[in-house]
Structures are given as structure tokens and as C-alpha cells.
Amino acid sequence: MKVLRHFAMVAALAVAGAVRAQTGAAPSPLPEPAPQRIEITGARAGDEQERRESTAAKIVVGRDEIERYGDATVGDLLKRLPGVTAGSGGSPRMRGLGSGYTQILLDGERLPRGFSLDALSPEQIERIEVYRAPTAETGARAIAGTVNIVTREGLRRRLNEVKASVGTVGAGAQPELNFARNDSAGDLTYNLFGALFRSQGAGRSVTTTTVEALDDGELLRLDRETSTTHSERQGLRLGARAQWRLGDGASLVLAPFLIRSASDSASRSTLVRDVGAEPAPYATSASDGEGTFALTRLNTQVRHRLGDGTRLEWNLNGWHTRSTAEGRRVEFDADGVPLRTRDDASDAMQRTLTASVKAQRLLDNGHQLVAGAEAEAQQRREWRTLRLDGVPLAADVSGGLDARLSRSAVYVQDEWQATPQWAFNAGLRWEAITVRGAAAGDEPAPRQRSVVLTPLLHAVWKPDPKARDQVRVSVTRSYRTPSLAQLVALPAIDSTFPPPGTNDPTRPDRVGNPALRPELATGVDVAFERFPAGGGVLSAGVFHRRIADLIRTRTTLETVPWADAPRWVSRPANVGDATTQGLELEAKGRWRDLVAAWGGDADAAPRVDLRANASVYRSRVDGVPGPDNRLDEQPGVTANVGADWRVAGWPLTLGGNLNWTPGYRTRLSATEWVEVDTRRVFDAYALWTVSPALAWRLSVGNAWPRDTESLRAVADDDVRQTATTVTRGVVSWLLRLEMKL
């Protein structure tokens, strides 16, 4: 309730700003120097102006917002955006939907598998664009929406930045050095950026597993596994963007990008069986591993203009990623005698090549036509060796995998300012995706091909073109294709209960399903937006999606070639249809506007910027009994409340943000369900500006850490097995020196 009261206050602030604009009240003079005020307002207005003028629902986050908290990772930055939550590896998820529903782009290109956004530094990002509905130009593989991360661009003004930071996450140190250089030489404009980083982390978790008889509730087994982990990762990131002006509006852009990293990890666990007829499979275990990751990317872009005014953009982009991992797990009995040893080594490589051409032309009567074609070829090779006590497992697990994906698409889109009150964005996109795969020792996996035609329509209505209110409506068709890992993948074997014996349903092996079909969704979005003259925004929107051929992972007991006994296996499958809908609220504004609207002295009010957003989601999966038959990983509510205070008379800025997601339960099937605990994260920062070229920043993440709890339960005809994991919360600190040379 406190969060809702805070949101109501900020909403009132934005409305107050609109009232001032409509009544003609002049903004109160600010005591700070004019140049500083103009610089801040101008940057903020640019993002909001782009959002206001876009025919498709879009949120733009520029450098000011990106730099505000000095986040260590992209995931920390994204979790404060309206309707966005961060999954593993910083991967953003919109509208509470799980992995794969949000289209993630880097400079307009889809990310390769295995690439984590946390491999990027916020210092490398120029802006973030969040589309709440798909467009023909950005792509329709976006049931929840699209997040496009644009890396730093070459600017005309000279600027050298150096940022040195040291931080901690729990007991682990996090030193990092970032640099950026923007400059120009004749017709060349370029930007260079890079980072050296090292991170350490430690964690502790306790998993309690129970097995109960369904008929009388008797406790048949009770296990408690306590695990501690320590990890270390170091590496570098280098990138550049060079743009040459070729004359007559033509340009050439080259953007190479490189990431190299190495990691080490160690974990120790203790397993105690308090109840059970049989002894525990082991008493203690020790796991050690190391890995490497390398990514090379080159984007090439050519722009030029034809004689009839048509602008052409050609793109040729290549990715190459490779990751290796080696690990050993040794299990011991109560006397410290080794019971079994598991060695796991893998080497995965992926190549992606994309080519596209886009034509833009401004036509008569306010039409702006965009048409394009895209092609993509992707190959993933994976080699894996899994040994138990020195003996390799079957070829189904230890062996090689070669999967290939090809994609082609054509689209046309028309943005049309029909009248001063109405603007439209209508598009049509055709896309075909083919996947082929084969694993060593098996027959080739079936060839899977999907073809989708997606019409898309967006409209913006301004009741008064001179005012700052507008209504958005979108009717779209979107889809989600299965990933290569879901279609063809080497089985991932549970480490706690390895073959040749059986395992637990809460610790299943994982495999792919080459017969998966893509999910198709029909959606409607309606939103009201108000942009007060003094800055800020007030927005309220609703959405609805009807999803066909929903993909969901289910766990069943199967006979498998890599074990002598039947094992529990988790595999994805198309399970039917589903619906999801939600309400999304957002407000941003200034405390001074609210004071002035209430008749107070705005000059005496502190310079505080307030923001809040809240979302409410509901979903239902057909064929799964309720209650709680919601979509995977979708919470019922998410909310953010934050403020930034520029202290008068001091070169000091203070800020904080509270992220709140209440716990929820999801029923996966009649016999499976999961539960997630409430999550509350408070982040804060202090920025001391010594001079325009020098500043110190102190940031704290998860300032009030709390343990989080998750539960997974599976029932069969006789028993119900439940695994509950409690993970220790940790606080992170960051001290950074920011210099502009």
C-alpha cells in the first residue's frame, strides 16, 4: 500500500505539471546557474520528445538516465524501467513474461545465443529504446515487446572519459576501468571505448527436499543440502564506431566489438538426510570449474540517397562466439572417502551472418514509406564429454551437435500523419525460419520450418494538437520461435543424481524437442500519455495477448539411453493456448511543480525529480487447472519508486530507487508448480561533482538485503516431492572516479 500511495503522489505531481501548462503559469525561477539548468532539461526533453513523436509506443532512455545510478551491470539499469524485470544474465523481460518473449536487440541486431547483456558495461550504451508493441521494421518476434540497446555513437564534439571504480558484492571485489574517446578528423567521426574488469562473488544457499505420501501425508524423506560458492571472472571489452561522410548524404559506418573473459568457480556442499529409509547419495561434495568466453562482432553499414529522394541503408553484420568449460565434481561419504567423480568438458561455437537492405522515402500527404529485406544464417557446433569415474556416458550425452538456422524476411511499413490529430503506423512483415540439426550417433533431427505473416497497426490520436495529451492504440500479431537449444540440444544431466541410476523430479535431466512449433499471438494495446510542459510524463495503458501453441517445459519419467533406470526428464512442448493482460502505470515529474500547484513557494522547494511505475498482470493457460495457472515467471505486480535530489548550494546529488515484486505461485500442470518469494531491492547513490571534469560516485545496490526463497513441487500417483531453496541476499558497493579529459 505504501508503494501505491507513493505512486499516487507522483501521479499527482505529473498532473500538477499539466495543470500549470494549461493555466499558463510561468515556471518558478531556479537559483542554480542557467547553463546547468538548460543542459539537464534539454537532455531530458530530447528523450521525452522522441517518445511523444513516435507513432509506435516507445520509451527512450538516454545517457543522463543511464549514468544516474552508476550501475555496474546492464541488468541493474533495466530493472528500473516501466514493466521491465531482469532475468538471468541481465536479460530484460517485459510485462512479466519469461525468457524468449522479449526481443532483445543490440544496435538493431538480435543477440547470439550465450551472449549475456551483463557482458556489456553501461558506459558502452548510448541509449535504450523500449517498444511495447512490435513494428514491421524492428521485427515481430516480440510478444512482450522489444528492447533495443544502442552502443555509444561517434560524436562531433571531442570528449575523453575515464572511469575507475572499485566495488564489492558480498565479500567479492569488483575493480573496473572504463575509457571512451569521441573525436573527429576531417570526414571521419569516431568513438572508441573499452573496459578492463574483474569480479568476485560468493553465495550461500540451503535446499530442503521433502517426499510425502499423498494418501496420509507421511514424511518419507527429508534432505537438507547446504552449498557455498565462490566465483571469479576477469576480462576486457573493446569497441569502436567509425563513420565516414562520403558526400551527397552518403556515409560508411564500421563498428567492431570484442569481448574476452575467463572465469573460475568453486563450490562446496553438505547433504544431510534427516528422514529416509535409504542413506543419502553422498555426505559432502566439491565442485571446481573454469571457463572462457570470446565474442567478435563487426557491423558494416552504408547509407546513401538516390536521385528521387529515397534513402537506402545496407547492413552486413557478423558474430562469432566461442565458449569453453571444464568442471569436476567429487562426492564423498561421511568418512571423507571418494564415492564417484564426474568430469564435464564442453566447447561451443556459434557463427551468425546477417544482411539487410532498407529503403526509406518521404511521399506526398505526410506518408513515410519504409521497406526492407533481411537474411540470416546461423550455425552452432557443440562438443561435450561427460565422464563418470573416468567412463564416458552414451553418445546421446557425450558427443557433438551441429545445428543450423536460416531466416529470411521482407517487410513494408508506412508512417502517415493523416491529420494534425491522427497519425498511423501500418506494416506487414513476412518471415520464414528453418532449423536443421543432427547429433552424433543419432538420425538427423527433423527439419523444422515456420512461416509467419504478421500485420501490424499503430495509431496515435491527439484530441488537441496544441496540447500535450495523446492516446495510443495498437493491434498487432507477433510470435515466438523456439530457440536452437529448445529444438536440438545435447541432454543436460543432473549432477546431484547422475546416471546410471534414477534422479528426482525436482532435479530432472533436460533435453530439446525438434517438433516444437512457434507461438503466435494476437494483441491489442491502448495507452493514454500526458507530457507536462515542465517535463515528465504521466501514462496509463492496458494490453491483451492471445497466444496459440504455447511452449511450456514439463517433467515426466522416461526411459532414456544414458541410464539403466528410468529418469525424470524435462522437455519443452506445445501445450495449447493462453491469454495474458495487464495494466501499466508510469509517472515522472518534479517536486517543485507539485508545490507550485498546491500554492506553495516553488523557489524554496528542493530540486527533487520523482518517478514511479507500477504494473498489474493476469494470465491463464488453457488446459491447466487453476488456480495459479498463469504463464511461466509472470508476477502479479511489479513496481518501482525513485527520487533524485540535487542539493542546493552543494555539488551533491542523492538518489534512490525501490523495486518491489510480490511473491507468486505458478501451476505448470496438474502435478507441477513453482513458487517465488517476494523481492524488494533498494538502490541508492551519491554523486559529488568536484568540477565539470571530475566527480566521485558512491553507489549501493540491494541496500537492505534479504534472503529469497523459491519452491518447486512435483506429484505423481503416490507421492509429492518438494524442493525449497533459500538464497542469501548480498549488498553491493561501488566507488567510482569519473574524469573527462
Side-chain angles (χ1 to χ4, degrees), residues 87 93-103 140-144 433 435 437 445-446 448-452 454 477-489 491-492 505-523 543-560 566-582 617-636 664-676 710-717 720-721:
R93 299 176 178 181
M94 297 178 61
R95 293 176 164 170
L97 297 177
S99 175
Y101 286 99
T102 300
Q103 178 176 241
R141 284 187 283 177
I143 292 178
I433 299 177
V435 176
Q448 204 256 30
R449 178 176 172 83
S450 59
V451 178
V452 183
T454 51
R477 195 181 190 205
S478 53
Y479 65 102
R480 174 195 180 203
T481 57
S483 66
L484 281 175
Q486 290 177 307
L487 290 166
V488 285
T506 56
R507 298 176 184 270
D509 302 336
R510 301 184 183 276
V511 298
N513 180 0
L516 287 177
R517 300 182 301 276
E519 299 179 11
L520 299 177
T522 301
F543 73 91
H544 176 84
R545 297 284 187 274
R546 178 66 179 174
I547 303 174
D549 282 332
L550 177 73
I551 298 174
R552 169 162 278 182
T553 300
R554 288 186 168 176
T555 302
T556 57
L557 190 63
E558 300 181 10
T559 299
V560 296
R567 290 180 64 85
W568 291 93
V569 176
S570 177
R571 68 172 72 240
N574 296 102
V575 298
D577 299 340
T579 57
T580 179
Q581 51 273 324
Y617 305 116
R618 295 293 182 268
S619 60
R620 179 175 58 85
V621 177
D622 298 346
V624 176
D628 305 318
N629 54 343
R630 68 178 77 239
L631 289 172
D632 295 352
E633 304 178 62
Q634 185 181 58
Y664 59 94
R665 176 177 178 174
T666 304
R667 182 171 288 276
L668 304 177
S669 67
T671 59
E672 286 183 85
W673 66 92
V674 295
E675 295 181 14
V676 178
S710 61
L711 177 149
R712 180 180 181 88
V714 180
D716 58 20
D717 295 335
R720 177 178 60 243
Q721 183 165 147

Problem - Side chain Asp628, main chain Arg667, donor-acceptor under 3.5 Å - result: no
Exercise for the section: Compare every heavy atom of Val511 with every heavy atom of Pro572, then report the nearest pair and how far apart it is. Expected result: CD-O, 3.3 Å
Practice task
Check whether any side-chain N or O of Arg630 sits under 3.5 Å from a backbone N or O of Arg665 as a donor-acceptor pair, and report yes or no.
Solution key: yes
Exercise for the section: State which residue, out of Asp509, Asp716, Thr506, fulfils the side-chain contact (heavy atoms from CB on, under 4.5 Å) condition with Trp568. Expected result: Asp716
Exercise for the section: Could you tell me the separation between the CZ atom of Arg546 and the CG atom of Asp577, rounded to the nearest 0.5 Å? Expected result: 4.5 Å
Problem - Test salt bridge (charged side-chain N to carboxylate O under 4.0 Å, His left out) applied to Arg517 - qualifying residues, sequence neighbours left out - result: Asp549
Exercise for the section: Apply side-chain contact (heavy atoms from CB on, under 4.5 Å) to the pair Tyr101 and Thr580, showing each step before the final yes or no. Expected result: CA-CA 12 Å; Tyr101 286 99; Thr580 179; over 6 Å; no
Handout entry: Donor-acceptor under 3.5 Å (Asp622 side chain, Gly576 main chain)
Key = no
Practice task
Answer yes or no: is there a side-chain heavy-atom contact under 4.5 Å between Val569 and Pro508?
Solution key: no
Exercise for the section: If a pair satisfies salt bridge (charged side-chain N to carboxylate O under 4.0 Å, His left out) and one of its residues is in residues 478-487, list it, with sequence neighbours excluded. Expected result: Arg480-Glu519
Handout entry: Check: Thr666 and Glu633 side chains under 4.5 Å, non-hydrogen atoms
Key = no
Fill in the blank from the handout: dist Arg95:CZ -> Tyr617:OH (nearest 0.5 Å) comes out at 7.5 Å
Problem - Evaluation steps, side-chain contact (heavy atoms from CB on, under 4.5 Å), between Trp673 and Leu711 - result: CA-CA 8 Å; Trp673 66 92; Leu711 177 149; 3.9 Å; yes
Handout entry: Test side-chain contact (heavy atoms from CB on, under 4.5 Å) applied to Asp632 and Val674, step by step
Key = CA-CA 9 Å; Asp632 295 352; Val674 295; over 6 Å; no
Exercise for the section: Drop me the distance from Glu558's CD to Ser570's OG, to the nearest 0.5 angstrom. Expected result: 9.5 Å
Exercise for the section: Give a yes or no answer on whether the side chain of Ser619 reaches the backbone of Leu631 with a donor-acceptor pair at less than 3.5 Å. Expected result: yes
Handout entry: Any Asn574 side-chain heavy atom under 4.5 Å of Leu516 side chain
Key = yes
Practice task
Answer yes or no: is there a donor N or O on one side and an acceptor on the other, between the side chain of Arg545 and the main chain of Ile143, under 3.5 Å?
Solution key: yes
Practice task
Could you list the residues that satisfy salt bridge (charged side-chain N to carboxylate O under 4.0 Å, His left out) with Arg477, not counting sequence neighbours?
Solution key: none
Handout entry: Under 3.5 Å donor-acceptor, Gln103 side chain and Ala140 backbone
Key = no
Practice task
Compare every heavy atom of Asn513 with every heavy atom of Ala573, then report the nearest pair and how far apart it is.
Solution key: CA-ND2, 4.0 Å
Problem - Arg712 and Thr555: CA distance, side-chain angles, deciding distance, side-chain contact (heavy atoms from CB on, under 4.5 Å) verdict - result: CA-CA 12 Å; Arg712 180 180 181 88; Thr555 302; 3.1 Å; yes
